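So the structure is just underneath, and the comments pick up after that.
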Amino acid sequence: MSDQLDLNLLRVFDALLREGSVTAAAERLHLSIPATSRALGRLRRAMNDPVLVRAGRGLAPTPFALRTAPRVRSLLDEAAALISVDREISPADLDRTFTIRINDGVAATLATAAVEATSAVAPGVTLRFVAEGTESTEALRDGSVDLDIGAGEITAPDIRSAALYQEEVVGIVRDDHPLGRHRKPSLAQLCRHPHVSASRRGRARGPLDDVLDDAGLRRHVAAVVPTFAVAALLVSSSGYVGLVPQRLAEQYGPTLGIRWFPIPATLPEVGVRLLWHARLDADPAQRWLRDTIRDAIR
C-alpha cells in the first residue's frame, strides 16, 4: 500500500465496505458526497485496487477489499482504544455498530434483553447478531466480530472470556401431548414418542443417547433441524419431543403452546461465556457493552 494511506482514508474505507454505497458512507462519516467520492479515488490509487465496483444499481467490494476489511476494522478499533483509554464515555452519544457472534439457543433469550438494555441508554448503537460458523478466534482477532457469546471456552492467550451463566437442557412437548401430563417423565416414557434433534452439524445423536444406552433404551429421532428455535416451532405443531435450553423453554413456552420438563438423567450443563480480543480490553465502548450484557441477563 502507498504511504499516502492515512487513518482518515482507512475510516472512509471501513465506512464504504460497511455501507456499500458512497452516499450512505458519506452520511455515516458526516462528509459531503463529493468529498467521499474523492476519498474513494484516493483509496483506489493508494491500494492499487478498485475497492468497490459497480454491481447493478449498487457497489460491490472487490476480493482484495473483502480480505482487507477485517484488518482495517481491527486497526481502527486499536486506534480508538489508544486515544480513549481510561476516558469516560456517554452511551447516549455512541454511534457504533457492534457485531456479536452468538449461539442460536442463546440468541433466542439473550438478544432481546441485550437490545432492550442498550437501546434504552444508547439509541445510536446497533447490535448486529451473526450466527455461529467455524467459531474461529480469527474473527475476534481481525475485528470482524466484536464479541462471541456461546458455549465452551477458548484458551488462546489473546482471547479474554467471562462466564455469563450455566444452562440446563430440558424436554419440551406440545401442551396436549401425552407427556405434558407428567411433571417428570421417565426415560422409558420419553422413548415411546418420536424426537426432534437440534444440531447445526446435522447430528441425530447427543448426550441423552449415551444415558439411554446405559439404561438399555433407545429413542427414535424423526427429524434433525439446525437450530433450537426451529425445534421448538416443530414441537409446537407436532407430536415430537424436543430438547432445548431451559431459558428458551421458559420464555417462549406459553407463546408457542409448549410445556417443558426436566430430563430424568444427569446431562452436562452448558456454560455460556462472553469472549473478546485482548486489544479491546481497554476500549470504553466495549467495556460498557460487556457490562451492559452481563447486567441484562442477571
Side-chain angles (χ1 to χ4, degrees), residues 100-115 129-136 148-152 164-273 297:
I100 301 173
R101 183 169 59 191
I102 192 167
N103 171 282
D104 86 280
V106 178
T109 53
L110 186 144
T112 300
V115 170
F129 294 99
V130 296
E132 286 184 328
T134 61
E135 288 76 65
S136 167
D148 195 332
I149 302 176
L164 291 178
Y165 58 87
Q166 292 291 114
E167 182 73 283
E168 291 188 5
V169 174
V170 299
I172 57 170
V173 292
R174 195 169 64 182
D175 274 339
D176 59 356
H177 192 281
L179 288 182
R181 298 192 295 268
H182 302 275
R183 294 184 61 186
K184 190 175 183 179
S186 67
L187 291 177
Q189 288 172 322
L190 287 178
C191 293
R192 292 174 191 154
H193 305 275
H195 285 231
V196 54
S197 174
S199 170
R200 186 162 42 86
R201 295 179 176 87
R203 296 172 180 167
R205 188 177 176 86
L208 175 61
D209 297 285
D210 295 331
V211 173
L212 294 175
D213 287 346
D214 293 339
L217 298 169
R218 184 179 179 184
R219 64 173 179 158
H220 170 56
V221 176
V224 181
V225 296
T227 70
F228 288 117
V230 174
L233 290 172
L234 186 55
V235 166
S236 72
S237 59
S238 71
Y240 291 165
V241 178
L243 299 181
V244 301
Q246 183 175 335
R247 288 177 179 237
L248 187 151
E250 289 177 337
Q251 184 167 332
Y252 293 102
T255 302
L256 294 176
I258 59 179
R259 296 176 183 268
W260 70 269
F261 49 82
I263 300 297
T266 302
L267 299 180
E269 285 192 340
V270 179
V272 178
R273 304 188 67 84
I297 64 172

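The model shown is predicted, which means the values in this text are computed figures rather than measured ones. Each residue takes its place number in the sequence, starting with 1.
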List the atom pairs, with distances to 0.1 Å, where a side-chain N or O of residues 232-247 and a protein N or O form a donor-acceptor pair under 3.5 Å, not counting sequence neighbours.
{"unit_1": "Ser236", "atom_1": "OG", "unit_2": "Leu233", "atom_2": "O", "d": "2.6"}
{"unit_1": "Ser237", "atom_1": "OG", "unit_2": "Leu233", "atom_2": "O", "d": "3.3"}
{"unit_1": "Ser237", "atom_1": "OG", "unit_2": "Leu234", "atom_2": "O", "d": "3.4"}
{"unit_1": "Ser238", "atom_1": "OG", "unit_2": "Leu234", "atom_2": "O", "d": "2.7"}
{"unit_1": "Ser238", "atom_1": "OG", "unit_2": "Tyr240", "atom_2": "N", "d": "3.2"}
{"unit_1": "Gln246", "atom_1": "NE2", "unit_2": "Glu250", "atom_2": "OE2", "d": "2.9"}

>> Is it the case that atom CZ in Arg203 sees more than 12 heavy atoms from other parts of the structure closer than 6.0 Å?
In response: no
>> In the structure I gave you, are the side-chain heavy atoms of Tyr165 and Val106 within less than 4.5 Å of one another anywhere?
In response: yes
> Distance from His177 atom NE2 to Ile172 atom CD1, nearest 0.5 Å?
Replying inline: 11.0 Å
>> When you compare the side chain of Ile263 with that of Leu190, does any pair of heavy atoms fall below 4.5 Å?
In response: yes
> Run the salt bridge (charged side-chain N to carboxylate O under 4.0 Å, His left out) check on Arg218 and Asp213 step by step: do they pass?
Replying inline: CA-CA 7 Å; Arg218 184 179 179 184; Asp213 287 346; over 6 Å; no
> Is a side-chain N or O of Tyr252 found less than 3.5 angstrom from the main chain of Ile258, in a donor-acceptor match?
Replying inline: no
> Measuring from Arg200:CZ to Thr227:OG1, what's the distance to the nearest 0.5 Å?
Replying inline: 11.0 Å
>> Please report the interatomic distance CG(Leu248) to OG1(Thr109), rounded to the nearest 0.5 Å.
In response: 6.5 Å
> Between atom CD of Gln166 and atom CD of Glu269, what is the distance when rounded to the nearest 0.5 Å?
Replying inline: 5.0 Å
> Heavy-atom distance under 4.5 Å between the side chains of Ile297 and Leu164, does that happen here?
Replying inline: yes
> Counting N and O atoms only, with roles assigned by atom type, does the side chain of Asp209 sit under 3.5 Å from a partner on the main chain of Gly206, one being a donor and the other an acceptor?
Replying inline: yes
>> For a 4.5 angstrom cut-off between non-hydrogen side-chain atoms, does Ser197 reach Val225?
In response: no
> Looking at CZ of Arg259 and CZ of Arg181, how far apart are the two atoms once the value is rounded to the nearest 0.5 Å?
Replying inline: 10.0 Å
>> Return the CG to CG distance between Leu187 and Leu208, rounded to the nearest 0.5 Å.
In response: 7.0 Å
> What are the two closest heavy atoms between Ala249 and Pro254, and how far apart are they?
Replying inline: O-CD, 4.4 Å
